[in-house]
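Some notes on the structure that comes next.
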Amino acid sequence: MTTAAPPLAPTATRVAALRRARAGTRLRRAALLAGLLAAAVALTLTVGRSVTPPLDVLRVLAGQDVPGATFAVRDLRLPRAVLSALAGMSFGLGGIVFQTLLRNPLASPDIIGISAGASAAAVLGIVVLGWSGAAVSVLAVTAGLAVAALIYLLSWRDGVTGARLILIGIGLSAMLDSMIAYVLSRAPAWTLQDALRWLTGSVNGATADQALPVLAALVVFGGTLIARRGTLEAMRLGDDTAAALGVPLTRDKALIVMAAVGLIAVATAMAGPVSFVAFLSGPIALRIAGPGRAPLVPAALTGALLVVLGDFAGQHLLPGRYPVGVVTGALGAPFLIYLIVRAHRTAGGRT
């Protein structure tokens, strides 16, 4: 006598269980990234030209005055670590939003000209206008937003497609890079060094005044992007599908783009265009978080981890001392080549 197999659970129940399992996995992996970031920050607060005992670091963070440690930890290492983490979060979150919205891993602010717009404005401000400090930062933010708006308008033709926006962005980026090279070639020696330091991407000499605008941008623009996560997920399915789901495409896409650009522009103004962090964070976070929704928080944590560890490596693990942008650029360039080659092979396999 055969026994009948138990009935399968309803499809909806199985799907809900699978979603809960995936959400739990993604939450655990995000918590792991947060733990790694906390450990990296602790490392940068402990290790410098000299090693500060962890207990002394905790005492300084608690507000105590510790001879031999207070200045190094509170005034030098802490602002640097905080700016690195906040700028990295901004780059990572802005980058994954562009890559998700345009459904293309090459759609990074590094590639499509937004960072180049902020950089060109900063170089003009430093070399031509003789500006410094907050004036250069405000000019860089304004230029980043303006270039993003120009790219968006030039890409518009009954909507914005990812391929058209990327190509226009690359073209504008090349023009802006040429302008930067020309201005630098005519720059006097006393401003050339400042301009080159800004262009490299560096958190050397970071202060709390630099970290505060990035924090404010994360709260305002980052909060806007997190709140529009559902809209972003709908746009991943394509404009037609998103419109069928009732998403106001024109308004929401412009809002999401401007919020992402605001994050990138403010972080660039405070830390310089730290190369490839926005480009690398999304693909790495996707591999860590696994399939499912766009990993906004994991990408932000990955970006912070890249900048914090990149700065630490540039200062303490390599021969000589290098700005963080040099380290991240060395990591990002091979990855860009890999993505382009993989995309070419995939396209070739379809023909």
Side-chain angles (χ1 to χ4, degrees), residues 44 48-49 71-72 74-84 86-88 90-91 109-110 113-147 172-214 217 264-278 307 310-316 318-330 332-333:
T44 63
R49 292 184 179 273
F71 176 75
R74 185 189 63 196
D75 298 334
L76 298 181
R77 298 177 192 169
L78 183 59
R80 186 176 191 135
V82 171
L83 179 59
S84 296
L86 293 177
S90 298
F91 289 129
D110 305 279
I114 295 168
S115 298
S119 300
V123 169
L124 284 173
I126 294 171
V127 174
V128 178
L129 302 177
W131 293 358
S132 62
V136 173
S137 299
V138 171
L139 183 62
V141 171
T142 305
L145 293 170
V147 168
L172 277 177
S173 180
M175 294 171 59
L176 291 167
D177 286 341
S178 297
M179 185 181 75
I180 291 171
Y182 174 76
V183 172
L184 291 179
S185 70
R186 312 288 292 182
W190 57 86
T191 59
L192 179 60
Q193 192 66 33
D194 290 339
L196 288 175
R197 187 183 304 114
W198 198 97
L199 284 174
T200 303
S202 173
V203 289
N204 292 340
T207 65
D209 291 338
Q210 290 174 284
L212 286 176
V214 187
I264 298 296
V266 173
T268 300
M270 295 300 119
V274 184
S275 303
F276 289 117
V277 174
V307 177
D311 182 54
F312 183 83
Q315 296 300 305
H316 305 296
L318 300 175
R321 291 181 179 269
Y322 299 95
V324 61
V326 172
V327 179
T328 58

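Just so it is clear, the values below take in all heavy atoms, side chains as well, and ignore hydrogens, waters and symmetry mates.
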Item to check | Under 3.5 Å: donor-acceptor pair, side chain of Gln315, backbone of Arg321 | outcome: no
Checklist outcome for this item: Asp177 meets the salt bridge (Lys or Arg N to Asp or Glu O under 4.0 Å) criterion, sequence neighbours left out, with none
Item to check | Taking every non-hydrogen atom, the tightest pair across Pro79 and Ala206 | outcome: CB-O, 3.4 Å
Item to check | Leu212 CG to Leu83 CG distance, which is reported to the nearest 0.5 Å | outcome: 10.5 Å
Item to check | Pro319: partners by side chain to side chain contact (heavy atoms under 4.5 Å, CB included), with sequence neighbours left out | outcome: none
Checklist entry - Does any donor atom in the side chain of Asp209 or Thr207 lie under 3.5 Å from an acceptor atom in the other side chain? => result no
Checklist entry - Hey, are the side chains of Val123 and Val128 touching, using non-hydrogen atoms and a 4.5 Å cut-off? => result no
Next on the checklist: If I take atom OH from residue Tyr322 and atom NE2 from residue His316, how far apart are they, to the nearest 0.5 angstrom?
Outcome noted: 14.5 Å
Checklist entry - Within the distance-only criterion (no hydrogens, no angle test), does the side chain of Thr328 pair as donor or acceptor with the backbone N or O of Ser275 below 3.5 angstrom? => result yes
Checklist entry - Distance only, no hydrogens: is a donor on one side chain within 3.5 Å (strictly under) of an acceptor on the other, for Arg80 and Asn204? => result yes
Next on the checklist: Minimum heavy-atom separation for Ala333 and Phe276, please, with both atom names.
Outcome noted: N-CE1, 3.7 Å
Next on the checklist: If you compare all heavy atoms of Pro323 against all heavy atoms of Gly201, which two are closest, and at what distance to 0.1 Å?
Outcome noted: CB-O, 3.5 Å
Item to check | Residue pair Ile126 / Trp131, side-chain heavy-atom distance below 4.5 Å | outcome: no
Checklist entry - Mind checking whether Val277 and Val274 have side chains closer than 4.5 Å, heavy atoms only? => result yes
Checklist outcome for this item: Rounding to 0.5 Å, atoms CG (Leu172) and CD1 (Ile114) come to a distance of 10.5 Å
Item to check | Smallest separation among heavy atoms of Ala187 and Val127, with atom names | outcome: CB-CG1, 3.5 Å
Item to check | Distance, nearest 0.5 Å, that separates OG of Ser137 from CD of Gln210 | outcome: 7.0 Å
Checklist entry - Would you call Ser115 and Ile264 a side-chain contact if the rule is heavy atoms closer than 4.5 Å? => result yes
Item to check | Atom pair CG/CG of Leu196 and Leu192 - distance to nearest 0.5 Å | outcome: 4.5 Å
Next on the checklist: Would you say that Met179 contacts Leu124 through its side chain, given a criterion of any heavy-atom pair below 4.5 Å between the two side chains?
Outcome noted: yes
Checklist entry - Of all heavy-atom pairs between Thr268 and Pro273, which one has the smallest distance, and what is that distance? => result CG2-N, 3.8 Å
Checklist entry - Do Ser119 and Trp198 come close enough that some side-chain heavy atom pair is under 4.5 Å? => result yes
Checklist outcome for this item: When every non-hydrogen atom of Val136 is compared with those of Ala122, the smallest separation belongs to CG1-CB, 3.8 Å
Next on the checklist: With a 4.5 Å cut-off on side-chain heavy atoms, are Asp311 and Val327 touching?
Outcome noted: no
